[in-house]
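Down below is the structure, laid out as structure tokens.
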Amino acid sequence: MKKVVVFTGAGVSADSGLSTFRDADGLWADYRIEDVCTPEALARNRRLVIEFYNKRRREMLAARPNAAHLAIAGLEADFDVEVITQNVDDLHERAGSTRVMHLHGELRKLRSSRDPALIVPIEGWEQPLDATAPDGALLRPHIVFFGEAVPQFDHAVRIAAAADVLIVVGTSLAVYPAASLVHYVRPGVPIYLVDPGTPDVRTIRNPLTHLRERAAVGMPELAERLRRESQPE
């Protein structure tokens, strides 16, 4: 069974109503990265950071998986599928994907401010300002802030290197190190890019097919195409 690795970004969840970060009306139109998404921001204004992620969590819980999430989950009927996502929402899981790696953390989890490995689930959307972990330290969102290491990156590289097909959906390929995953696939492995914009693909040397569609439109079309091509003649 072919191994299909799907690498997703914010564009996958945009059709579910979740704001992207870089669009003109996206999250950073209302917030500065330095104020809500850095370790320094958490230390300087804990209330603002916690409120920001509470709002993100509330929006996520009100959203529903869209056709792109469902198409990705549906690939598991015909392929060995792993999802690597830059997204911190849980829409892939709610759509039915069973193997999802979150490179940049998860809104449905919190972690100890003292021990990054001490991770706990959160019920509902609201993290109380003074909530503490089992080790007594204040809890913080389980999010990889700007300037922090991406602890899952090496594992993601191993997944990408094992791919027979790589699908890149809804990402500008501008956030590193995540964007560099496209360089770890084996030579000759086809890469399919689903995005209506113009991600930077100048350094991609593998066979590349670009479907210039929104994720919710292009991903179901690509899933059906891959399914047809996988059928014996």
Side-chain angles (χ1 to χ4, degrees), residues 8-10 12-14 16-23 25-65 69 83-95 97-157 159 171 174-181:
T8 70
V12 168
S13 296
S16 293
L18 298 185
S19 299
T20 62
F21 286 91
R22 286 173 171 74
D23 288 344
D25 59 349
L27 292 174
W28 299 142
D30 299 318
Y31 297 92
R32 296 171 65 244
I33 291 172
E34 297 84 357
D35 292 337
V36 294
C37 199
T38 65
E40 294 78 15
L42 184 64
R44 183 175 61 248
N45 191 341
R46 178 177 172 82
R47 181 178 297 277
L48 178 63
V49 174
I50 299 304
E51 287 178 351
F52 175 80
Y53 286 101
N54 280 345
K55 184 177 180 180
R56 304 280 78 74
R57 202 175 291 113
R58 184 167 55 188
E59 291 172 348
M60 176 194 73
L61 292 173
R64 294 291 179 268
H69 297 107
V83 177
I84 303 170
T85 186
Q86 298 174 86
N87 299 337
V88 295
D89 62 62
D90 65 348
L91 296 181
H92 281 303
E93 287 90 344
R94 281 196 268 156
S97 289
T98 59
R99 299 160 75 192
V100 183
M101 169 188 287
H102 290 266
L103 275 176
H104 296 153
E106 299 179 64
L107 284 171
R108 296 298 297 264
K109 297 177 181 178
L110 305 173
R111 76 172 190 247
S112 164
S113 295
R114 182 184 303 136
D115 178 5
L118 182 51
I119 300 166
V120 298
I122 176 172
E123 295 297 327
W125 62 267
E126 187 172 17
Q127 175 191 345
L129 193 63
D130 58 353
T132 56
D135 64 354
L138 285 170
L139 283 165
R140 55 161 277 183
H142 180 45
I143 301 294
V144 177
F145 289 150
F146 285 89
E148 294 183 325
V150 181
Q152 295 267 49
F153 184 70
D154 287 346
H155 187 192
V157 165
I159 294 172
T171 174
V175 176
Y176 283 81
S180 67
L181 286 175

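In what follows, residues are counted from 1 in the order of the sequence shown. The analysis underlying the following values was restricted to heavy atoms, covering all of them including side chains, and did not include hydrogens, waters or symmetry mates.
A donor-acceptor pair under 3.5 Å links the side-chain atoms of Arg46 to the main chain of Leu129, judged by distance alone. Under a 3.5 Å cut-off, the side chain of Thr85 and the backbone N or O of Asn87 do form a donor-acceptor pair. Put simply, the side chain of Asp89 never gets that close to the backbone of Met60: no donor and acceptor are under 3.5 Å apart. Ser180 places a side-chain N or O within donor-acceptor distance of the main-chain N or O of Pro177, the cut-off being under 3.5 Å.
With sequence neighbours excluded, the residues that form a side-chain hydrogen bond (donor to acceptor under 3.5 Å, both in side chains) with His142 are Arg111. Remark: Gln86 pairs with Thr171 by the side-chain hydrogen bond (donor to acceptor under 3.5 Å, both in side chains) rule, at least two apart or across chains. Every residue two or more places apart in sequence or in another chain that forms a side-chain hydrogen bond (donor to acceptor under 3.5 Å, both in side chains) with Thr98 is listed here: Glu76. For Asp90, the side-chain hydrogen bond (donor to acceptor under 3.5 Å, both in side chains) partners two or more places apart in sequence, or in a different chain, are Arg94, Arg108. In this structure, Arg57 has no salt bridge (charged side-chain N to carboxylate O under 4.0 Å, His left out) partners at least two apart in sequence or on a different chain.
In this structure, Leu91 and Ser13 approach most closely via the heavy-atom pair CD1-OG, 3.9 Å. Closest approach of Ser16 to Pro65, counting heavy atoms only: OG-C, 3.8 Å. Here the shortest heavy-atom pairing between Gly105 and Val144 reads N-CG2, 4.3 Å. Between Leu118 and Pro134, the shortest heavy-atom contact is CD2-CD, 4.0 Å.
Residues Leu61 and Glu59 are not in side-chain contact: their nearest non-hydrogen atoms beyond the backbone lie 4.5 Å or more apart. At a threshold of 4.5 Å between non-hydrogen side-chain atoms, the residues His155 and Met101 count as touching.
Here the straight-line distance linking atom CD1 of Ile122 with atom OH of Tyr53 works out to 13.5 Å at 0.5 Å rounding. Atom NZ of Lys55 sits about 7.5 Å away from atom CZ of Arg58, to the nearest 0.5 Å. Taking CG of Leu110 as the start and CD1 of Ile119 as the end, the distance is 10.0 Å to the nearest 0.5 Å. Note that the CD1 atom of Ile50 and the CG atom of Leu139 stand 8.5 Å from one another [nearest 0.5 Å]. To the nearest 0.5 Å, atoms CZ (Phe52) and CG (Asn45) are separated by 13.0 Å. The CD atom of Glu34 lies 8.5 Å from the CZ atom of Arg44; values are rounded to the nearest 0.5 Å.
Residues His92 and Thr8 have side chains that bring a donor and an acceptor to within less than 3.5 angstrom of each other. Side chains of His69 and Glu93: no donor on one and acceptor on the other come within 3.5 Å.
For residues 114-139, the side chain to side chain donor-acceptor pair (under 3.5 Å) pairs, not counting sequence neighbours, are Ser112-Asp135.
In this structure, Arg140 is positioned above the aromatic face of Phe145, its NZ or CZ under 6.0 Å from the six-membered ring centre and within 45° of the axis.
Just one residue in the list Asn54, Leu42, Ile143 forms a side-chain contact (heavy atoms from CB on, under 4.5 Å) with Val49, and that residue is Leu42.
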